[in-house]
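The structure appears right after this line, and notes come after that.
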2 protein chains.
Amino acid sequence: MTVRQDVHSAGIPVLCQSCEARHHGVCGALDPDQLVGLAKTSSKHTVEAGVELIGDAEAVDSYANVLSGVVKLMKSLSDGRQQIVGLQFAPDFLGRPFKVESAINAEAATAVSLCSFPKAAIERMMKESPGLEHRLFKQTLNELDDARDWMVTLGRKSASEKLASFLLMIARNIDPTLDPAAQSTSFDLPLTRADIADFLGLTIETVSRQLTRLRSDGVIRIENNRHVIVDSLNRLQRRSGA
Amino acid sequence: MTVRQDVHSAGIPVLCQSCEARHHGVCGALDPDQLVGLAKTSSKHTVEAGVELIGDAEAVDSYANVLSGVVKLMKSLSDGRQQIVGLQFAPDFLGRPFKVESAINAEAATAVSLCSFPKAAIERMMKESPGLEHRLFKQTLNELDDARDWMVTLGRKSASEKLASFLLMIARNIDPTLDPAAQSTSFDLPLTRADIADFLGLTIETVSRQLTRLRSDGVIRIENNRHVIVDSLNRLQRRSGA
DNA sequence: CGGTGGCTTGAAGCTATTCAAGACCTGTGG
DNA sequence: CCACAGGTCTTGAATAGCTTCAAGCCACCG
């Protein structure tokens with residue numbers, strides 16, 4: 001340990017000190033020097049549910065870390081049909097590197113807080129420190145795995161299996177500390193019925209019917225339309241097709 | 001130009017000299033030195049249609065470049081339902097970095113020739129030369145874009161739109177030199193009807209019916225069940241839902 | 001030739017959608 | 001406090017689209 005390092009270990013920007021992204025997100029790949037540099041040009045925001053973060057075919061000049069809340073990634077056809085192609089939770093990195101414009105649309109599904117930086121700063125750091133690119137690569141590989149898992153759900157599962165799979169996915173992502181062996185859990189749905197329909201390739205009515213079915217079969221309980229209580233994750237899993 | 005460089009420029013391994021992957025694939029990121037090192041442990045194979053290249057939940061100890069043919073990436077549910085989650089064409093890189101076992105199944109859809117290397121060799125080179133990791137990252141980002149495009153098709157398009165989208169996608173990938181403004185093209189389908197069904201989340205009968213419909217509507221012609229002639233790519237595109 | 005695998009076609013059935021109405025929840029203004 | 005308006009969500013009935021089940025066709029190969 002040199003003096004120099006000591007100085008810089010103490011020099012972690014205030015902005016970053018309690019930030020989850022520094023531990024588990026992409027910022028974990030940066031040393032204190034770089035963190036200071038990045039923090040200078042970055043800023044925290046909070047946005048309401050429904051706010052568009054990245055517009056389709058819009059030039060993107062900044063990236064961001066999701067600090068809390070849920071962001072939905074959407075694609076739509078010319079006639080208005082929509083499909084949600086991904087959800088991002090803290091501390092995911094938001095933005096498509098190496099492309100001037102994004103083919104997808106990102107929108108806050110819940111209230112969301114973000115830490116955003118100029119595109120150029122990230123791209124410069126990516127060249128300087130391979131560790132950053134490596135982290136982004138890994139996140140991208142995970143997103144690809146998720147997307148492919150979801151293709152199976154979209155292409156081959158029935159409506160009720162889709163709903164069960166969706167609830168399991170949300171349960172696991174809302175609370176990452178959830179013990180995989182846990183039997184029960186509860187959470188607030190981050191999506192409206194319409195969003196769930198767009199995620200599962202169904203209509204809102206079908207989503208509603210399948211949720212009532214799961215409810216009357218005693219697999220889940222629902223309070224205030226949004227809060228879901230799962231008493232037996234096993235039973236839910238058995239209905240997910242897996 | 002130093003003498004050293006001259007020597008090595010001339011030293012491109014025979015194996016690689018006419019290889020497309022060296023120009024457009026991941027090997028393009030390697031310098032002649034590295035190419036020589038890699039070529040020592042790599043080998044070309046050719047396999048028949050139907051051969052399994054990577055088994056589900058099987059330890060993977062090698063990666064490969066696809067040199068010709070088409071590889072299908074599949075996932076399946078416990079009850080046997082299958083979904084194709086991606087297709088790989090030359091000069092795609094085959095293999096999932098940073099994971100001991102793959103959650104997907106790769107199978108030759110047509111006769112395929114491959115150039116494969118031990119996993120360890122690639123991972124070592126990835127550490128040495130960031131350019132290699134960068135290329136793999138870019139390919140992964142493209143695969144993610146493709147997967148998300150396909151999620152829209154699976155979730156929101158009708159059977160006939162799915163077929164039109166599929167034919168367009170194949171036309172563009174089989175012949176990468178195809179002028180985007182071209183009006184007509186023709187190709188051999190690399191997949192059987194059953195594969196197409198697994199790719200589109202349909203049954204084989206529905207695939208067959210939709211193909212006959214496209215045929216009787218004069219959008220495509222089909223010879224010998226496999227060869228497809230598209231006279232108006234525009235008409236096909238209009239039926240794809242875009 | 002008969003057999004096999006891949007493909008097509010038809011008829012019936014079922015699942016999810018569409019269309020329509022009503023319930024519920026929340027916030028606003030009287 | 002209640003009434004009411006505007007979402008969001010649920011429920012019902014009818015319909016459409018895809019699947020299922022069942023034959024039959026076609027090309028290829030022994």
Side-chain angles (χ1 to χ4, degrees), chain A residues 48-50 72 77 79-83 109-111 153-167 188-217 220-228 239 241, chain B residues 48-50 72 77 79-83 107-111 153-167 188-217 220-228 239 241:
Chain A
E48 293 296 294
K72 49 186 180 176
L77 299 174
D79 63 1
R81 281 175 287 178
Q82 286 191 323
Q83 175 69 44
T110 63
T153 301
L154 287 172
R156 288 300 184 200
K157 291 189 186 173
S158 68
S160 68
E161 289 171 329
K162 285 180 178 180
L163 258 296
S165 307
F166 172 74
L167 292 175
D188 279 332
L189 283 175
L191 303 184
T192 64
R193 302 292 188 270
D195 284 336
I196 299 173
D198 281 343
F199 194 57
L200 297 174
L202 298 171
T203 58
I204 175 173
E205 295 94 332
T206 302
V207 170
S208 181
R209 281 186 245 274
Q210 295 302 332
L211 283 177
T212 26
R213 224 187 101 197
L214 285 172
R215 193 157 28 115
S216 45
D217 289 1
I220 57 172
R221 282 176 288 151
I222 301 181
E223 285 169 5
N224 298 329
N225 280 342
R226 284 294 193 112
H227 192 72
V228 176
R239 292 179 177 244
Chain B
E48 292 297 292
K72 48 185 181 176
L77 298 174
D79 63 0
R81 282 175 287 176
Q82 287 191 321
Q83 175 70 44
E107 192 177 310
T110 62
T153 301
L154 288 172
R156 290 300 184 199
K157 291 188 187 173
S158 68
S160 68
E161 289 171 328
K162 285 180 178 180
L163 258 296
S165 306
F166 171 75
L167 292 175
D188 279 332
L189 282 175
L191 303 184
T192 65
R193 303 294 189 269
D195 284 336
I196 299 173
D198 280 343
F199 194 55
L200 297 175
L202 297 171
T203 59
I204 174 172
E205 294 94 333
T206 302
V207 170
S208 181
R209 281 187 246 273
Q210 296 302 333
L211 283 176
T212 12
R213 224 186 102 198
L214 285 172
R215 192 158 29 116
S216 44
D217 289 0
I220 58 173
R221 282 176 289 151
I222 301 181
E223 285 170 4
N224 298 327
N225 281 343
R226 283 294 193 115
H227 192 71
V228 176
R239 292 181 176 241

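In what follows, chains are A, B, ... by sequence order, proteins preceding strands, each numbered from 1. Keep in mind that what you see is a predicted model, and the values were worked out from it rather than measured.
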Approximate separation, where rounding is to 0.5 Å, of [X] [atom1] and [Y] [atom2]:
{"X": "Asn225(A)", "Y": "Arg193(A)", "atom1": "CG", "atom2": "CZ", "value": "5.0 Å"}
{"X": "Asp79(B)", "Y": "Arg156(A)", "atom1": "CG", "atom2": "CZ", "value": "10.5 Å"}
{"X": "Thr153(A)", "Y": "Lys162(A)", "atom1": "OG1", "atom2": "NZ", "value": "8.5 Å"}
{"X": "Glu161(A)", "Y": "Gln210(A)", "atom1": "CD", "atom2": "CD", "value": "10.0 Å"}
{"X": "Leu211(A)", "Y": "Ile196(A)", "atom1": "CG", "atom2": "CD1", "value": "6.0 Å"}
{"X": "Glu223(B)", "Y": "Asp188(B)", "atom1": "CD", "atom2": "CG", "value": "9.5 Å"}

Quiz item: Is the phosphate of dT10(D), meaning OP1 or OP2, less than 4.0 Å from a side-chain N or O of Thr212(A)?
Solution: no
Please report the distance, rounded to the nearest Å, between [atom1] in [X] and [atom2] in [N].
{"X": "Leu154(A)", "N": "dA16(C)", "atom1": "CG", "atom2": "C1'", "value": "15 Å"}
{"X": "Glu223(B)", "N": "dG6(C)", "atom1": "CD", "atom2": "C1'", "value": "18 Å"}
{"X": "Lys157(B)", "N": "dC18(D)", "atom1": "NZ", "atom2": "P", "value": "14 Å"}
{"X": "Arg156(B)", "N": "dA16(C)", "atom1": "CZ", "atom2": "P", "value": "14 Å"}
{"X": "Leu211(A)", "N": "dA23(C)", "atom1": "CG", "atom2": "P", "value": "21 Å"}
{"X": "Asn224(A)", "N": "dC9(D)", "atom1": "CG", "atom2": "P", "value": "12 Å"}

Tabulate protein N/O versus nucleotide N/O from nucleotides 12-17 of chain D, keeping only pairs under 3.5 Å, one per line.
from: dG12(D); atom 1: N7; to: Arg209(A); atom 2: NH1; distance (Å): 2.9
from: dG12(D); atom 1: O6; to: Arg209(A); atom 2: NH2; distance (Å): 3.2
from: dA13(D); atom 1: N6; to: Arg209(A); atom 2: NH2; distance (Å): 3.4

Quiz item: In residues 191-204 of chain B, what residues come within less than 4.0 Å of DNA chain C, judged by heavy atoms?
Solution: Thr192(B), Arg193(B)
Exercise. State, with a plain yes or no, whether a side-chain heavy atom of Leu189(A) is found less than 4.5 Å away from one of Leu191(A).
Key: no
Practice problem: Evaluate the side-chain proximity of Arg239(A) to Leu214(A): yes if any heavy-atom separation is below 4.5 Å, no if none is. | Solution: yes
Quiz item: Is Asp198(A) paired with Lys72(A) through a side-chain N to carboxylate O contact shorter than 4.0 Å?
Solution: no
Quiz item: Relative to the 5' end of DNA chain C, which residue comes earlier, Ser160(A) or Ile222(B), by the nucleotide with the nearest heavy atom?
Solution: Ile222(B)
Quiz item: What nucleic acid atoms does Arg226(B) come within less than 4.0 Å of, heavy atoms only: base, sugar-phosphate, or nothing?
Solution: sugar-phosphate
